[in-house]
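As the structure lists them, so they are numbered: ligands from 1, and atoms in each ligand from 1.
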Amino acid sequence: MMHIPGTQLPRTGAAAASASSYPTSKSEIVHSFVRTAQPKDIVGHTNTQPAYRRAHPEGGFISPVQALTCYLPATYRICNPNFKYESSRNPRRVLTKPSKGVKNDGYDNEDSDYILYVNDILGSEEAGHKNRYLILDVLGQGTFGQVVKCQNLRTQEVVAVKVVKNRTAYFNQSMMEVSVLDLLNSKLDKNDEHHILRLKDTFIHRQHLCLVFELLSVNLYELIKQNQFRGLSTTLESPIIKVIDFGSACDERQTVYTYIQSRFYRSPEVLLLLPYSSAIDMWSLGCIVVELFLGLPLFPGSSEYNQVARIVEMLGLPPTWMLEMGKQSGEFFEKVTDEFGRKTYRLKSMETYSREHGTKEQPSKRYFQATTLPDIINQYAMPRKNMKPAEIEREMNNRVAFIDFVRGLLNINPLERWSPQQAKLHPFITQQKFTGPFVPPMNLKSSPSSGLPKSPHPPMASNVNQTNNPQPISSQHMINNPDQTLKNKPNPGGIPQQLAANYQTPPAGAYVNPATHATQTQPPTYSGPNYNTNGSQQFQQPAVNPPPPYSTNHTGYNVPQASQHQPNQQALGGGYHTQQQPPSLYQTATTRAGRQRASTIGQNDSGIPPQLSRHAMLLDPNQPIRLQPSPAYYPPPSDGEATSGGKSRRRSQAGQGGQRSQRDFIRTLEDRTLEDGLFNNQAQWQ
Ligand SMILES: Nc1ncnc2c1ncn2[C@@H]1O[C@H](COP(=O)(O)OP(=O)(O)OP(=O)(O)O)[C@@H](O)[C@H]1O
């Protein structure tokens with residue numbers, strides 16, 4: 001019961017009887033039960049109007065509490081007959097920024113985002129669409145639009161609704177998300193067993209495409225942030241994680257866009273502008289699992305150049321065929337002749353790159369003292385203080401398996417990188433005992449159906465000596481087995497033949513020391529404390545001697561140790577240097593700019609609800625769907641504005657910064673982590 005100062009509460013009946021111990025004053029009307037012996041003792045009694053209560057039009061009385069709550073507008077009107085209540089004049093909590101309505105009859109802001117208010121209703125304008133959604137709160141903001149928590153007013157279910165920007169390009173690309181999710185939900189993951197977000201409904205609200213998803217908890221970035229950017233233990237029971245945001249998903253046979261993936265997680269082949277396949281996602285997965293372990297991104301590149309530099313610094317140079325074939329290799333790497341007259345590659349110095357591209361490249365900030373991934377992982381602080389020796393041993397053994405797992409994902413060469421089918425057999429995933437470097441079955445290699453070669457491998461491949469990759473992840477120090485390199489793997493489809501000769505499939509349960517090619521039976525195990533036991537000091541001090549800035553005489557990371565054969569330029573077709581050569585298989589595969597692709601969402605079996613397809617056509621019937629680059633990576637121009645070629649955009653972005661929308665895009669997509677988490681937390685790990 002509420003107590004209202006200055007009022008007295010009359011009590012009646014049983015309530016009053018049970019509350020008879022309450023202190024009362026003379027003015028209170030207190031009724032009590034009185035035992036009667038005969039019917040004639042019952043005397044009729046009419047209640048007088050209780051004090052401070054006004055009559056209810058439908059009978060009874062309105063209590064002071066009711067008068068000041070649910071009957072407040074009427075109470076006001078009694079006090080001031082001119083007062084008129086209109087719910088539309090209530091102040092509404094706005095969830096969208098900027099909140100000024102300048103487009104779409106004032107419903108959209110300048111960014112074409114629908115201006116969302118708490119308690120507003122989202123619902124289809126299409127006749128026959130039954131679901132209406134009450135807006136409760138904001139969940140997130142992405143490149144494509146806003147995601148809000150809503151309640152389905154019919155089913156009462158609480159859901160997440162993505163309200164896509166009111167622009168053709170965003171609309172069209174989001175239709176792709178509908179199409180992909182529909183395929184996954186209805187055909188490939190019917191029983192919701194594969195951790196893929198469920199799409200529940202789609203509709204158009206005031207020209208905005210709305211996607212209704214099941215409601216999930218925080219995203220992984222928030223999870224790490226809530227953990228103060230400390231990594232998660234490998235022994236933790238993993239929570240249920242679902243994959244969301246298929247806004248930039250595409251069919252492997254339709255790899256239309258070249259400038260894709262968030263920078264930190266961008267694969268080497270995308271950085272070098274090579275044809276790509278689903279292997280790019282395995283690279284990103286590698287980056288993400290390491291980030292979950294370390295609490296910080298593994299390759300937090302501040303620019304594309306810095307991204308490449310960080311990868312090369314840790315994993316060595318990409319194989320020569322990638323440098324030869326990559327349309328953008330020449331931006332980052334230069335060919336040099338060594339003292340023996342042999343041609344080789346090296347990373348351009350920071351100064352050279354900055355000069356050539358008009359950028360101000362900064363030396364990479366380092367967050368871990370160790371330089372190799374196995375060392376960084378092994379030396380990372382224990383998840384808790386005062387762990388028992390057995391717990392420490394378990395954690396360290398898990399880390400050995402984890403390092404081996406990551407080795408398969410963070411392979412610069414996409415042709416050698418493990419496929420999902422291979423990776424999921426790794427003991428780190430299956431939770432089997434880790435007995436030595438995992439050699440995945442080669443029949444589970446996913447076929448590189450987009451540009452990457454399956455067979456034959458790159459023409460120059462047999463001429464390449466992998467030793468130009470002086471420190472691949474797997475050749476870095478591994479516990480008890482410092483000599484391991486990638487060469488202990490069987491020949492995956494399409495890798496250079498000469499390399500293939502180095503690959504041997506070891507017998508089950510054994511592993512190969514690639515330096516000697518001897519099969520060994522002892523697996524690597526954790527031996528001895530080579531880690532930081534100070535649980536509170538998760539962030540290691542920067543290296544005492546940070547690496548020198550890249551110089552033109554740089555001999556640090558990239559100079560091959562052994563002889564290299566010059567690649568066969570004629571056969572290559574010279575994505576890098578020899579533009580006059582006839583186009584090769586690889587050139588053909590990389591000729592994507594300007595090539596019109598078949599639409600994937602106009603197809604009958606696309607899973608797009610017909611009313612959405614109709615709406616898409618109405619928006620701009622002359623604009624083929626998916627001709628424009630993904631808005632996730634190229635900020636789409638204002639509707640009607642011309643689109644320029646991919647590569648020049650890419651360069652201009654790296655260089656001058658471009659338009660405001662471009663800056664917004666970069667901020668949203670790539671620097672979100674840096675601005676939000678890293679830069680704000682610099683003090684912790686500088
Ligand atoms: N189903 C969901 N449940 C809870 N939160 C969600 C859900 N879907 C999205 N979010 C939140 O909204 C944010 C933006 O969603 P999403 O990444 O799908 O949007 P986007 O516009 O496609 O963004 P991006 O710029 O990453 O392409 C997510 O990071 C997440 O925090």
Side-chain angles (χ1 to χ4, degrees), residues 95-97 108-109 111-114 116 122 133 135-152 157-167 169-182 184-185 189 192 195-202 208-226 239-250 257 259-266 281 284 287-288 291 297 626 628-636 661-677:
L95 301 174
T96 308
K97 277 186 190 160
D108 297 356
N109 67 15
D111 300 331
S112 302
D113 270 318
Y114 184 69
L116 294 155
L122 292 173
Y133 299 88
I135 301 171
L136 302 176
D137 208 347
V138 70
L139 288 169
Q141 170 89 41
T143 319
F144 287 75
Q146 312 159 82
V147 182
V148 275
K149 187 176 178 177
C150 291
Q151 184 167 30
N152 182 329
E157 187 185 20
V158 181
V159 291
V161 180
K162 188 190 275 193
V163 185
V164 176
K165 283 178 197 279
N166 182 9
R167 288 215 210 147
Y170 289 94
F171 186 100
N172 287 347
Q173 189 62 36
S174 297
M175 296 280 274
M176 192 64 190
E177 180 166 18
V178 174
S179 176
V180 169
L181 267 177
D182 181 80
L184 293 170
N185 286 180
D189 185 20
D192 195 6
H195 302 261
I196 292 166
L197 183 69
R198 308 306 284 188
L199 177 70
K200 292 170 170 285
D201 192 11
T202 48
H208 290 264
L209 174 63
C210 296
L211 278 57
V212 182
F213 304 121
E214 64 174 314
L215 179 69
L216 302 178
S217 179
V218 292
N219 62 38
L220 285 179
Y221 176 69
E222 280 298 323
L223 188 77
I224 298 182
K225 197 166 147 190
Q226 285 171 17
I240 295 172
I241 296 173
K242 283 202 159 191
V243 181
I244 70 163
D245 192 3
F246 292 82
S248 308
C250 71
Y257 310 118
Y259 191 37
I260 51 170
Q261 303 188 289
S262 299
R263 192 195 305 130
F264 297 176
Y265 315 100
R266 195 170 294 155
D281 295 324
S284 304
C287 298
I288 288 167
E291 182 169 338
R626 291 206 69 207
Q628 65 278 70
S630 163
Y633 307 107
Y634 295 136
S661 60
Q662 209 156 353
R663 284 202 307 274
D664 286 351
F665 149 72
I666 295 165
R667 190 175 62 233
T668 309
L669 192 79
E670 298 187 324
D671 294 342
R672 184 169 46 197
T673 312
L674 279 171
E675 286 183 358
D676 214 22

Engineer: Would you say N219 has any N or O atom under 3.5 Å from an N or O of ligand 1, going by distance alone?
Structural biologist: yes
Engineer: Inspect the surroundings of NZ in K97 and state if more than 12 heavy atoms from other residues, nucleotides or ligands are less than 6.0 Å away.
Structural biologist: no
Engineer: Please enumerate all residues that pass side-chain contact (heavy atoms from CB on, under 4.5 Å) together with S284, with sequence neighbours excluded.
Structural biologist: Q261, Y265
Engineer: Are K242 and D192 within salt-bridge range, i.e. N to O under 4.0 Å?
Structural biologist: yes
Engineer: Under 4.0 Å from a heavy atom of G145: which atoms of ligand 1 are those, numbered in the order shown and with their elements?
Structural biologist: 21 (O)
Engineer: Considering only heavy atoms of L197, which atoms of ligand 1 have at least one such atom less than 4.0 Å away?
Structural biologist: 1 (N)
Engineer: Taking non-hydrogen atoms only, is T143 closer than 4.0 angstrom to ligand 1 via side chain, backbone, both or neither?
Structural biologist: both
Engineer: Mark up the atoms of ligand 1 that fall under 4.0 Å of a heavy atom belonging to K162, in ascending order.
Structural biologist: 16 (P), 18 (O), 19 (O), 20 (P), 22 (O)
Engineer: Which of the atoms in ligand 1, numbered in the order shown and given with their element, are less than 4.0 Å from a heavy-atom of G140?
Structural biologist: 12 (O), 13 (C)
Engineer: Going by the closest heavy atom to atom 17 (O) of ligand 1, which one wins out of V159, V148, D245?
Structural biologist: D245
Engineer: Would you indicate whether the side-chain heavy atoms of D113 and Q141 approach each other to under 4.5 Å?
Structural biologist: yes
Engineer: Could you list the atoms of ligand 1 found under 4.0 angstrom from a heavy atom of A160?
Structural biologist: 1 (N), 2 (C), 3 (N)
Engineer: Nearest 0.5 Å, what's the CG-CD distance between N109 and Q146?
Structural biologist: 7.0 Å
Engineer: Using a 4.0 Å cut-off to any heavy atom of F213, which atoms of ligand 1 qualify?
Structural biologist: 1 (N)
Engineer: Flag L216 as yes when one of its N or O atoms lies below 3.5 Å from any N or O atom of ligand 1, and as no otherwise.
Structural biologist: yes
Engineer: Taking atom CG of D245 and atom CG of N219, what is their separation to the nearest 0.5 Å?
Structural biologist: 10.5 Å
Engineer: Has D201 got a side-chain atom pairing as donor or acceptor with V212's backbone, closer than 3.5 angstrom?
Structural biologist: no
